[in-house]
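What follows is a short report on a single structure.
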Amino acid sequence: MKYTMSTPESMCGIFGCIAPDAAGKVLEGLRKLEYRGYDSAGLAAIFTDHKGPIETERTTGYVSDLVNKANGRFDGARISIGHTRWATHGGVTDTNAHPHSSNDGTISVVHNGIIENASELLERVKNLGYDVQSETDSELIVHLLDHELKTQSRRKTPLDAFKSTVSLLRGSWAIAVIMTGMEAILVARNGAPLIIGRAHDSICIASDVQPFYGGCSEVAYMNDGDVFSITNEGILAPESTQTPDFITLEGVYEEQDSGIFEHMMLKEIFDQPVSLTNVLSGRISADGLRAELAGFDLDPEEMRNLDRINLVACGTAFFAAQIGVHFLRRHTGITVEAFRASEFPARSVCSPNSLTIGISQSGETKDTLDALQEARIAGGRISSFCNVIGSTIPRLTSNGAYLYAGPEFAVASTKVFSNMVAITLLLALTISEMPKTARTEIVQDLRELPNKVALNLKEDDGSLDKAVSILESANSAIFIGRGISAPLSQEGALKMMEVAYLPCLAYPGGELKHGPIALIEPGTPVIAIAPSDETLPLMESSIRECKTRGAKVILITDNEGPMLEFADVVLHTHSTGHDTSPIVNVIPLQLLAYRLGISKGLNVDRPRNLAKSVTVV
Ligand code: AGP
């Protein structure tokens, strides 16, 4: 299946709707969008025959805090907009939370993105006599709009005033506005996502499709530059502008419900046997001998003739990309390199015969999106591997493959990492002309992978508890691996820092002696990933070097050899092939981070300062 459509994108979550119980729907929509940002939340609502100032409520904290503060006051509202915030301009305070209202309270605005000319506009707004209350760039929009409405000709509409206001802005935005006396929501998009959803009795807007599942059957994707008025009748555009068509909402409807698990992160770790089955499904031939990815503009022969492939990604997705580089180098002759998207040297590595593939769970990460756009400007081809169906990156690249991990709600990525690794292996198999026996072996490993992962998840001999107790008393930890396990050690360290706030270093085993070994003192935890592959003898040396200096070694391995005697704790994994080992070995790394976070009493699903979609640069 090829991706469809095209465009770019931002952070925070916006939800709005016109419906019989608009505010109830907004609070529910915000709950589903909370993973995008959770510093603060707020909503504004208009009732039938509403006069005077708009009802609003805002609070720092979670959507549940907003629900408590709202205390049913918004029940029965007809039109409502809401926002969950990840602070960029201004600290985390009630006043900086959205919506922001005009001085007379009759206009309310929510905004996602960054207004780059905010200083200039602040001067303008102050000179016009407005009382600016927050430290945000977003509040300026409401005052500019108020001024436009009061000064434009009488023949003009609120949509005209909104369009003129938007034309004053520079930067990125998704904006939604409600006004007393207006049976509509005004919306604008530029570099931050905004999608319109339609159900039989309501019309909604949201930052991504997630909150539409279970409510809306059709969606219309806004494009950059769009400025619309959303009413019960549909989408109204200013003269001579096109409105997007509604299309059927695709993808899997899944509630954000941890079920029998205590947290979403744990549920998603345990989802992996199923999510892996989904990414492999339809991509392994019926005879079980071949694996192939479809969905690219280029066929395998054309890919083999590329000058180079660049993989661009951030965070966890970048480590998956680095593992993908191992696969592509091992199995194809193509020059391939992984880049942190925020450091992508497009002009040096892109040409008409290069392919740059963006890897992203959310499909909205601004750094990755920018890297892909730079690759295209530099004349190269672009493609992507994303999880969220219909998100900005797959729509921009219009070819690539979905990860099919199902929605991932916990901020720390777990199941999607595994699917990213699996899909890069599928890409290598697609391009490679390796001998049949080697190919069959890898495909067999892939087929057995979901069960191997399930076995790893099931078996607990108490070693994990022992490893957690070593980490509980530590101030930092060092992760090491070699070859294909080197990027995996970085992923293990990232997960630990994200959910357990433990400062961690990750180094290829061989690099330790060139500096970081100076940090090891008696009791320093070293988490060593040592599968039975060609790097094992060298890993054994690295582990020995750590042990000799008093490290507490937590060893992740399928090996039963003499190396075990250097370990304080062994987290045994099931043997699998070289290429599939990162997916088996990531399980104890994920569980270790989760368990340490829990033992420290942390909110593992919503770690501090983070958000699920990082849509600012
Ligand atoms: C993963 O645990 C992190 N939350 C983060 O590093 C993430 O992988 C990164 O921001 C990229 O996100 P994406 O996959 O949505 O592009």
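Residues take their numbers from the sequence shown, with the count starting at 1. Indexing begins at 1, ligand by ligand and atom by atom, following the structure's order.
Of all atoms in ligand 1, listed by their number and element, those nearer than 4.0 Å to a heavy atom of A412 are 2 (O). Which parts of ligand 1 touch Q361 is read off a 4.0 Å heavy-atom cut-off, strictly below it: atoms 13 (P), 14 (O), 15 (O), 16 (O). Annotation for ligand 1: atoms under 4.0 Å from non-hydrogen atoms of G315 are 6 (O). Near S413, the atoms of ligand 1 lying under 4.0 angstrom from a non-hydrogen atom of the residue are 1 (C), 2 (O).
Taking only nitrogen or oxygen atoms, main chain and side chain alike, K495 reaches within less than 3.5 Å of ligand 1. An N or O contact shorter than 3.5 Å links V411 to ligand 1 by distance. Residue T368 has no nitrogen or oxygen atom sitting less than 3.5 Å from a nitrogen or oxygen atom of ligand 1, judged on distance alone.
Residue, atom and distance of the protein heavy atom nearest to atom 16 (O) of ligand 1 are T365 OG1, 2.4 Å. At the top of the distance list for atom 1 (C) of ligand 1, counting protein heavy atoms only, stands T316 OG1, 3.2 Å. Looking only at heavy atoms of the protein, atom 3 (C) of ligand 1 is closest to E498 OE2, 3.0 Å. When hydrogens are left out, the protein atom nearest atom 10 (O) of ligand 1 is V614 CG2, 3.9 Å; that is the closest non-hydrogen contact. Among protein heavy atoms, the minimum distance from atom 9 (C) of ligand 1 is reached at C314 O, 3.6 Å. The protein heavy-atom contact nearest to atom 15 (O) of ligand 1 is S362 OG, 2.7 Å.
A salt bridge does not link E34 to R31: none of the charged side-chain nitrogens sits closer than 4.0 Å to a carboxylate oxygen.
Taking the six-membered ring for Trp, F261 and F270 have ring centres closer than 6.0 Å. Two rings, from H83 and F15, have their centers 6.0 Å or more apart.
Donor-acceptor pairing under 3.5 Å is recorded for the side chains of N96 and T93. A donor-acceptor pair shorter than 3.5 Å cannot be found between the side chains of D39 and Y62. For the 3.5 Å distance criterion, the side chains of E491 and T316 qualify, holding a donor opposite an acceptor. A donor-acceptor contact under 3.5 angstrom links the side chains of Q361 and N387, judged on distance only.
For R329, the CZ atom is densely surrounded, since the number of other residues' heavy atoms within 6.0 Å is greater than 12.
Geometric assessment of R608 against the ring of Y501 yields a positive cation-pi assignment under the 6.0 Å and 45° thresholds.
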